[in-house]
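Each remark here refers to the structure printed beneath this line.
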Amino acid sequence: MWITPADSQVRHLPSLTMDFETLFQDLENQLEYELDAEMINRLEDEERERRAKLSIRDRLLALKRSESNLELRGTIRGQRSLVFIIKNVGKDWVAIEVLEPQEIQGSVICPIHAFVTLEIPQMSVKESLGTAIGEVSDHDLQAFSGKSSLAEKVNLAFVLRDISRRRKNVRLHTQTDMVHGTIDHVGSDHLDVTSGDVRRVIPLREVLFVQMV
């Protein structure tokens, strides 16, 4: 004897199929949500780790890349306050255009270690932190194409040797003095400045900034 489902049971079979489709869709949505949440948490952890490793040089470099004429304030050792625009950032130095005070206006090379504080406008704080994990900046695109700046790779001694080779007159400022003359030698940790008939040997760690005259 053949047993056939009741009409009411047959009518319910499609609804069972729909229930399974809904169940699988819910499971898929839940899995997608959990994967997205896991990805967000991982990116947030990586971003916190990236920011923890930032140096002052990184902040200056990020500002230079994002805004070409941003005015900043900074205090260097000896409590000298400067208003300036970043022109270039090297391995351990920054080239700036000083706007204030008037007696130092012009092109200046400043070791990054000389800065005591930097004042960044609130609107530029995010840019100073660089490109967040998961984002791509215009500079990143340039780096991918091999257009990174040579200046970013050279140190202060290299720059001072170039100034010496060009026989440029400079004003070299330390915390206690200012020497006007030419740089005649740059060693690994010091330089020689000739002023008149006197040659002075100055440790690089004592250099606060060098003015081009």
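- Using a 4.0 Å cut-off between charged nitrogen and carboxylate oxygen, K53 and E49 count as a salt-bridge pair.
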(request) Tell me, with the steps shown, if V154 and W93 meet side chain to side chain contact (heavy atoms under 4.5 Å, CB included). (result) CA-CA 9 Å; V154 301; W93 56 275; 4.0 Å; yes

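- Cluster annotation: I112 and L63 are assigned to the same hydrophobic cluster (Ile/Leu/Val/Met/Phe/Trp/Tyr, side-chain heavy-atom contacts under 4.5 Å, transitive).
- Across G187 and A157, no two heavy atoms sit closer than the pair O-CB, 4.2 Å.
- Annotation: side chain of T182 is not in contact with side chain of V193 (no heavy-atom distance under 4.5 Å).
- The environment of CD in E103 is crowded: more than 12 heavy-atom neighbours from other residues, nucleotides or ligands sit within 6.0 Å.
- Other residues, nucleotides and ligands place more than 12 heavy atoms under 6.0 Å from the CG atom of L118.
- Hydrophobic cluster membership is shared by F158 and I163, with clusters built from Ile, Leu, Val, Met, Phe, Trp and Tyr side chains linked at under 4.5 angstrom.
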(message) Go through it in stages, so that I can follow the logic: the residues are E127 and R65, the test is side chain to side chain contact (heavy atoms under 4.5 Å, CB included), and I'd like the CA-CA distance, side-chain angles, deciding distance and then a yes or no.
(response) CA-CA 9 Å; E127 285 77 8; R65 289 170 177 171; over 6 Å; no

(message) Show, in sequence, the C-alpha distance, side-chain angles and deciding distance for D177 and R200, and conclude whether the salt bridge (charged side-chain N to carboxylate O under 4.0 Å, His left out) test is met.
(response) CA-CA 12 Å; D177 202 0; R200 302 179 64 177; 2.9 Å; yes

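- With salt bridges taken as basic N to acidic carboxylate O contacts below 4.0 Å, one links D184 and R167.
- In this structure, the side chain of D162 does not engage the main chain of V159 through any donor-acceptor pair within 3.5 Å.
- Within the 4.5 Å cutoff, the side chain of M212 has no heavy atoms near those of the R171 side chain.
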(request) Test side chain to side chain contact (heavy atoms under 4.5 Å, CB included) on C110 and F115 and set out the steps. (result) CA-CA 8 Å; C110 186; F115 283 99; 3.8 Å; yes

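- Proximity of a side-chain donor or acceptor of R59 to a complementary backbone N or O of S128 within less than 3.5 Å is detected.
- Residues V98 and I96 form a side-chain contact, since some pair of their non-hydrogen atoms from C-beta on lies under 4.5 Å apart.
- If you run side chain to side chain contact (heavy atoms under 4.5 Å, CB included) between L160 and each of V207, L204, V170, only L204 comes through.
- Annotation: side chain of V116 is not in contact with side chain of I76 (no heavy-atom distance under 4.5 Å).
- Between V213 and H180 there is a side-chain heavy-atom pair separated by less than 4.5 Å.
- With contacts defined as side-chain heavy-atom distances shorter than 4.5 Å, the pair E71/N69 does not qualify.
- For the side chain to side chain contact (heavy atoms under 4.5 Å, CB included) test with F84, the passing option among V108, L70, L72 is L72; the others fail.
- Looking at heavy atoms from C-beta onward, S107 lies out of side-chain contact with K87 at the 4.5 angstrom threshold.
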(request) Show your reasoning for whether side-chain hydrogen bond (donor to acceptor under 3.5 Å, both in side chains) applies to T75 and T117. (result) CA-CA 5 Å; T75 304; T117 61; 3.3 Å; yes

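- The aromatic rings of H185 and H190 lie tilted to each other, with the angle between the two planes from 30° to 60°.
- Within 6.0 Å of CZ in R205 there are 12 or fewer heavy atoms belonging to other residues, nucleotides or ligands.
- A side-chain donor-acceptor contact under 3.5 Å links R57 to the backbone of G90.
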(request) Check step by step if side chain to side chain contact (heavy atoms under 4.5 Å, CB included) holds for I183 and R161. (result) CA-CA 8 Å; I183 300 173; R161 288 189 190 102; over 6 Å; no

(request) Go through the steps for E67 and S124 under the test side-chain hydrogen bond (donor to acceptor under 3.5 Å, both in side chains), then give the verdict. (result) CA-CA 9 Å; E67 301 184 56; S124 301; 2.8 Å; yes

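- L172 has its side chain out of reach of M178: every pair of non-hydrogen atoms, C-beta onward, lies at least 4.5 Å apart.
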